[in-house]
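For reference, the structure discussed in these notes is given below.
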Amino acid sequence: MLKYTLILPDADEQLAAKLLRAAIDDLNVVLMLVFGQGEKAEQVIAWADQLCAKFENVEGQSFRRVVWNRHPEMPAVRNILDPILSGAMPFVAVLNFFNRLKAILNFDEEIDPIALEIAFMKGHQV
Amino acid sequence: MKRISLRIGVALVLALISTASAQVINVMQHIRYEIVKSKTGEASPAKNKSSTRLVGWSIATMELEFPGRLEIKWDRDGLLQELAQGVASTDPRLIERINKLGEIVSKVLEIQTWFIRVKTVAIQLETARAAKNTVQVNALDATFIAVNDTFGKTGEAALKALQQSMQADPELNLALRNPVNEALLQGVDYTPVAHAVADYLQQQHEALAEQIGVSVEQLVFMRAYLMSQQGRIRLHLDGYDNIPEGQPLPESQIFDQRAQLELKSATKLGEAVKDVVSDQFVPEVKKAFEQLQASLRELSQILQTEVLDAQLESLINDLQLAADQALGPLIRSLKETHKLLISLRNLPKVDDAPSLEQIVAVLNSVSGRVNLIGKALQQLPDSLQSYIVQAEKLLREKPEVIQEETVNKFKEAAQAFLKNENIASMKKIYANLRDIVKALQAAEGIAGAVVDEKPHRIQESLDTALNVLATDLVEMHVGDVIQIEVEVVSTPANAAGGTVDRHLERQNFRLQKYGLYREARGGLIFVDPRAKIKREIEFTPVPALSINWLLGIKNFYLWNRLLAPSFGVSFALLDFDDAKEIENGLAVNASLFRNFAWVGYGRNLQVKADYFYLGFNLHGLANLLRL
């Protein structure tokens, strides 16, 4: 079960954009964005969600979070992402507390929990 | 965690060493000293640890507070790595991997440190937010960002190092991939990651030890010495020798051997102290040896333990046949006692007119048994009584495991043994043996020759401990030096070739007490009467004894080692009046420079005349020079 991951809705583009905007606007979190579908994406999401658990507080909230956007091609979503990602579309992106892009991982890279943890670590940095 | 942090220190030290020179070996760098304050010198029960202080890595002469126990802990893995550099057959990739892994463990533990800070500040921030304390929130916000930044940088560096090492080393990748991933995903913090790497590092160390052992056998000898006025005396190091330790001296003892020796020296001013000691030594050893001969003869006549041995064996056999797990501890205890009894019987034979070499050989064999006999004296009566009770209880409660006849015969034999004079005789023998050991301790040359050294293979645990307290065999005083000596002897495993390499290093500790402490000293004072007396004397030399109180202050080396002022009282036998047979002088004494220079003012109690004196202590000068 994913505990710290927001899965953006596939069917409602406007709602997806609204939720993504809200997640990005929360400056109290290190945010990992995962784009796309398939087995690899599911595996990465499962690992990333687990890597958030160390930072859970007493209320069950973590200041590491994951957003899974299975359809990054949605125009409303792209409008939000493009300024942050400079138009690129990586497989994984990590934003720091100030919404600065700190790490990206591309789909053809070998991704394992160590690689994801390193990406998160970059997200903790100013 | 502790285990890991120890390794880290070593890894750092190793890194420094390896950059300095691969040829220079420095084994002392791999030792960590821990001082446990203990008046008894007993090993490690927590209740005896009044305080624990880490002294740190080996550096120049350190102060060692006593009485206590000096625990000597080796980083064997670090030592192995260093020694491996000189062994041609070791795989350089293995050493490189070990070095890298050591650094990685260190870095991962650093992540943990920052992780805890991040979590702490996060909690503080949440609390401040809940309380709507804006000022505090702003301040903590900045801190939160700062600690996260450091945490992120530390973590990135550590994990990248791990990732790169794994990518470059398929074997490492295969071994660590799953454990590290699991530790990252499942762990509530970063210590499981450190453990995963450290466990593999440990395996690599074992592999290295194997490789070294194939071509070179490396033995580690450890020795401890006390360097004092009595000379350089070898002390017992757990597991490394058979030197007897002696019984702790009662604190109430004021005038110890040093004070008596100093008084003697003062009396015989001009005679070299060494001559005094050596003149006493030979007759003392001879006397002790004669006593030993007599004692051993006596022992063989009276120590009729055969009956008890046999019954003890029957009892053990019966209990073993019962195959009852609950009886395990009792059987083990009975076997121990049995072993003890047998070893007491195997004392060496002594010729009537032994040569010095024979004396040394016999003493070598006997001195190792002194502790054993002492142990037997303490344990045997209680143990036997307890076995009788336990055997009778077993007979009542579990008659199927033991025969009544066995119990009765054992009881009879044990009671007979306890009733006869064996115990008292053993005590006498024990006292004789202790005399011998004492004589040996006084003679450095022979004491060194009789020590049965027990070197450790490099693959074994090398840790040991030293009781640092005055005993009836060895006195210790503030200012004395404890020297730890390590010798690593490397011998080619293939006897056909190669040379034996010996490497020797030493570390000194200066004994110190903190707070107010007392010392009794002997000295020569020059007495000047301050009243009209019948004799015409001024500044006449008289031997005196003083009891002084000093103040030891932590980290005040100049005060402790050089100035060391003290105040107390002194006693002297005076001669102001030829008509008086006894004249006792009692004075208030002050001294400086570790009891070297004395000054005092007192009164001749019989003649009723005051006096002033200046004085000195010859050994105090020696102490000063030694600092």
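From a predicted model like this one, the values you see are computed outputs, not experimental measurements. The sequence lines fix the lettering, A, B, ..., with proteins before strands; numbering per chain opens at 1.
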(request) Answer with side chain, backbone, both or neither: which region of Lys119(B) has an atom nearer than 4.5 Å to a non-hydrogen atom of chain A? (result) side chain
(request) Please look at Val188(B) and chain A and tell me whether the side chain, the backbone, both or neither of the residue comes under 4.5 angstrom of a heavy atom of that chain. (result) backbone
(request) Using a 4.5 Å cut-off on heavy atoms from C-beta on, say whether the side chain of Leu184(B) contacts that of Trp47(A). (result) no
Hey, which residues of [range] are touching chain B, say heavy atoms under 4.5 Å apart?
range	value
residues 3-31 of chain A	Asn28(A)
residues 107-126 of chain A	Glu110(A), Asp112(A), Pro113(A), Ile114(A), Ala115(A), Glu117(A), Ile118(A), Met121(A), Lys122(A), His124(A), Gln125(A), Val126(A)
residues 61-73 of chain A	Phe63(A), Arg64(A)

I need the residue from [options] with the largest number of non-hydrogen atom pairs under 4.5 Å to chain A.
options	result
Gly155(B), Ala157(B), Ala146(B)	Gly155(B)
Gln186(B), Met166(B), Arg177(B)	Arg177(B)
Leu159(B), Leu162(B), Leu185(B), Ile145(B)	Leu185(B)

(request) Under 4.5 Å, counting heavy-atom pairs only, tell me which of Lys54(A), Glu59(A), Lys102(A), Glu56(A) racks up the most with chain B. (result) Lys54(A)
(request) Kindly compute the distance separating CG (Asn148(B)) from CZ (Phe97(A)), expressed to the nearest 0.5 Å. (result) 4.0 Å
(request) Would you please go through residues 120-128 of chain B and name the residues with a non-hydrogen atom below 4.5 Å from one of chain A, in numerical order? (result) Ala122(B), Glu126(B)
